[in-house]
Structures are given as structure tokens and as C-alpha cells.
**Student:** 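Can you keep this structure in mind? I'll have questions shortly.
Excluded from the calculations below are hydrogen atoms, water molecules and symmetry mates; all remaining heavy atoms, backbone and side chain alike, are included. In this text, all values refer to a predicted model and were calculated from it rather than measured experimentally.
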Amino acid sequence: MLAIHVLTGAVAVMLAWLQVWPWLRENHPKIHRRIGWVYFLGGVIPSAVLAFPVSIMTIFGQGLRYAFLAMSTLWLITTVAGFVAVLQRRYEDHRRWMIRNVAMTTSTITVRFLQPLAIGATTWLLPGTYAGQEHLVMVEGAVAGLWASFVGHLLFVEWFVLRPRRRRRRAERSRRPVRAAAAGT
């Protein structure tokens, strides 16, 4: 199960950025759709479904198990929501859900950098707490790195996805007085 999860996850990671690349989506919609089907059926769905038993069977404790299960759940939810949105031809919703999905997909890359940092921070900030318990430091660092990775990705994406709306509102507010002044003269 783990091997298939990793292989299909690798497919998802390799195709994720192509799917949210605006140039490809706008200039080659057929290619975007075809890659999307491979991303969906050959990458995310099998990998996300297999992530559940792999998460449950981890030997590294409850903290990591819960983090993996939360990440797997959010990965599957964003996938299904994006797929349903495109089937209903709600393309803007589809785009937003799939950006969230790519955040979940690529957080597995970021975690590889954050876990060693979390382990180092744990030993540096709390040297007496885990003295002589190197295995516990590794597990706690892995848990902290995983949560920081996917929560950090989602927070960034929510800021990125929602930001254009705020800019439009500001632009509309700044235009209103000009229009009113022009109408009054």
C-alpha cells in the first residue's frame, strides 16, 4: 500500500503545478483537461485513498497518525470539491478548490524541509525536555513539521486565493467617488 501511495503521489506532485499554471489552462484547455484526468485518476485519488490506511498503520505514534489523517482528509475533500465544481461548470470554484488541492499535494515536499528544522528547533529550544530520548525528538519533529507544512500551505493559499477579491473591492471603493463627482458636474 505504501509503495502504491508513494508512486501515485509522485504522479500527483509532478502534475500539480501544470494544472494551476494559468498559461497552460488558458492557451491549451484540452491538454489541461487531459492532464487533469491523469492527475485525478492516476495521482490524487489513489494516493489520497491509500493515505488513510497508511496513516492508520504508522508506527510513529498518535500525533503523526492524526496529522496524516487530517492531511489525507483535506486532500480528498479538496479533490472531490474541485471535481464536483468542474462537473457543474463552476470554473472559478473549480480553480479555487484545485489551488487548495495543489497546496495539499505539494505540502509533502515542504514537509521534507520543515521536519529537520522542527527537530533542530526542538533540541535547541527544549534541550532538557527530551534529554536522552532521541527517538521522541524525531517523532515530535516529524509531527510538528507535518502540521506546519500543510497548515502553512493552506494558510498561504487562502491568503492568495482570497486576496484578489479584496483588491477588487478596494478598486471599486476608490472609483466610486470619482464617478459620483463626475456625475455631479
**Student:** Please list all pairs passing the side chain to side chain donor-acceptor pair (under 3.5 Å) test where one or both residues lie in residues 72-82, with sequence neighbours left out.
**Tutor:**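 Found W75-T105, T78-N101, T79-N101.
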
**Student:** Classify the ring geometry between F40 and F83 as parallel (under 30°), tilted (30 to 60°) or perpendicular (over 60°).
**Tutor:**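 The arrangement is parallel - the two ring planes meet at less than 30°.
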
**Student:** Hydrophobic side-chain clustering at under 4.5 Å (ILVMFWY, transitive links): who's grouped with L114? Put none if nobody.
**Tutor:**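 Cluster partners of L114: L117.
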
**Student:** Can you check whether G141's main-chain N or O pairs, donor with acceptor, with Q115's side chain at less than 3.5 Å?
**Tutor:**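 Looks like no, no N/O pair under 3.5 Å.
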
**Student:** Just jot down the ring-ring contact (aromatic ring centres under 6.0 Å, His included) partners of F156, sequence neighbours excluded, or say none.
**Tutor:**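 If we apply the ring-ring contact (aromatic ring centres under 6.0 Å, His included) test to F156, skipping adjacent residues, the hits are W159.
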
**Student:** In terms of hydrophobic clustering (I, L, V, M, F, W, Y; side-chain heavy atoms under 4.5 Å; direct or indirect links), are V111 and V102 co-clustered?
**Tutor:**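 Cluster IDs for V111 and V102 match.
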
**Student:** Could you pull out all residues at least two apart from R34 that satisfy salt bridge (charged side-chain N to carboxylate O under 4.0 Å, His left out)?
**Tutor:**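 Here no residue qualifies.
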
**Student:** With distance as the sole test, does T8 use its side chain to make a donor-acceptor pair with the main-chain N or O of G42 at under 3.5 Å?
**Tutor:**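 Such a contact is absent between T8 side chain and G42 backbone.
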
**Student:** Just distance, no hydrogens or angles: give the donor-acceptor pairs under 3.5 Å from side chains in residues 54-68, sequence neighbours left out.
**Tutor:**
residue: S55; atom: OG; partner: A51; partner atom: O; Å: 2.5
residue: T58; atom: OG1; partner: F60; partner atom: N; Å: 3.4
residue: Q62; atom: OE1; partner: R65; partner atom: NH1; Å: 2.1
residue: Q62; atom: NE2; partner: Y66; partner atom: OH; Å: 3.0
residue: R65; atom: NE; partner: I56; partner atom: O; Å: 2.8
residue: R65; atom: NH2; partner: I56; partner atom: O; Å: 3.4
residue: R65; atom: NH2; partner: T58; partner atom: O; Å: 2.5

**Student:** Indicate, with yes or no, if L154 and L69 share a hydrophobic cluster defined by side-chain heavy-atom contacts under 4.5 Å among Ile, Leu, Val, Met, Phe, Trp and Tyr.
**Tutor:**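 Looking at the clustering, L154 is in a separate group from L69.
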
**Student:** Would W37 and L18 show up in the same hydrophobic cluster when neighbours are defined by side-chain heavy atoms closer than 4.5 Å?
**Tutor:**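 Per the 4.5 Å side-chain linkage, W37 and L18 are not co-clustered.
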
**Student:** Can you get from F150 to V139 by hopping between Ile, Leu, Val, Met, Phe, Trp and Tyr side chains that sit under 4.5 Å apart?
**Tutor:**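 The answer is yes; both residues are in one hydrophobic cluster.
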
**Student:** To which residues is V80 joined in a hydrophobic cluster, defined by side-chain heavy-atom contacts under 4.5 Å among Ile, Leu, Val, Met, Phe, Trp and Tyr, whether direct or through other members?
**Tutor:**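 Other cluster members: V84.
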
**Student:** Sub-3.5 Å donor-acceptor pair from the side chain of S107 to the main-chain atoms of S149, do we have one?
**Tutor:**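 Not confirmed, S107 side chain does not pair with S149 backbone.
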
**Student:** Tell me whether the count of non-hydrogen atoms from other residues, nucleotides or ligands lying under 6.0 Å of CD1 in I4 goes above 12.
**Tutor:**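 Atom CD1 in I4 is not packed in, count stays at 12 or less.
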
**Student:** Return each pair, listed once, that meets side chain to side chain donor-acceptor pair (under 3.5 Å) where at least one residue sits in residues 135-147; pairs must be two or more places apart or across chains.
**Tutor:**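 Non-adjacent pairs meeting side chain to side chain donor-acceptor pair (under 3.5 Å): zero.
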
**Student:** Got a sec, which pairs hit salt bridge (charged side-chain N to carboxylate O under 4.0 Å, His left out) with one end in residues 43-55, sequence neighbours left out?
**Tutor:**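 Non-adjacent pairs meeting salt bridge (charged side-chain N to carboxylate O under 4.0 Å, His left out): zero.
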
**Student:** Which residues satisfy the ring-ring contact (aromatic ring centres under 6.0 Å, His included) test with W23, sequence neighbours excluded?
**Tutor:**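 Here the qualifying residues are W21, H28.
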
**Student:** Got a second to check how far Y39's OH is from H32's NE2, nearest 0.5 Å?
**Tutor:**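 Answer for the OH-NE2 pair, Y39 versus H32, is 10.5 Å.
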
**Student:** If we check side chain to side chain contact (heavy atoms under 4.5 Å, CB included) with E92, which of these qualifies: R90, H94, R96?
**Tutor:**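 Of R90, H94, R96, side chain to side chain contact (heavy atoms under 4.5 Å, CB included) with E92 is met by R96 alone.
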
**Student:** Should M104 and M71 count as side-chain neighbours, where that means a heavy-atom distance under 4.5 Å?
**Tutor:**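 In contact.
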
**Student:** To the nearest 0.5 angstrom, please state how far the OG1 atom of T122 sits from the CE atom of M138.
**Tutor:**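 Between T122 OG1 and M138 CE, I get 10.5 Å after rounding to 0.5 Å.
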
**Student:** Roughly how far apart are L7 CG and L2 CG, rounded to 0.5 Å?
**Tutor:**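 That separation rounds to 9.5 Å.
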
**Student:** How about L76 and F52: do any of their side-chain heavy atoms sit closer than 4.5 Å?
**Tutor:**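 Result yes, sub-4.5 Å side-chain heavy-atom pair found.
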
**Student:** Output a table of donor-acceptor pairs, distance under 3.5 Å, between side-chain atoms of residues 9-17 and any protein atom two or more places apart or on a different chain; print 'none' if there are none.
**Tutor:**
none

**Student:** Are E158 and R100 packed together at the side-chain level, in the sense that at least one heavy-atom pair is separated by less than 4.5 angstrom?
**Tutor:**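 Counting from C-beta outward, E158 and R100 do come under 4.5 Å.
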
**Student:** Looking at residues at least two apart in the chain, or sitting in another chain, which of them share a side chain to side chain donor-acceptor pair (under 3.5 Å) with R89?
**Tutor:**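 Per chain and number, R89 pairs via side chain to side chain donor-acceptor pair (under 3.5 Å) with Y91.
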
**Student:** Closest approach of G82 and M98, non-hydrogen atoms and distance?
**Tutor:**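 The pair with the smallest heavy-atom distance is CA-SD, 3.8 Å.
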
**Student:** Of all residues at least two apart in sequence or in a different chain, which pass the salt bridge (charged side-chain N to carboxylate O under 4.0 Å, His left out) check with R25?
**Tutor:**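 Listed in chain order: nothing, the list is empty.
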
**Student:** In terms of hydrophobic clusters joined by side-chain contacts under 4.5 Å, are V38 and I31 together?
**Tutor:**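 Shared cluster, yes.
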
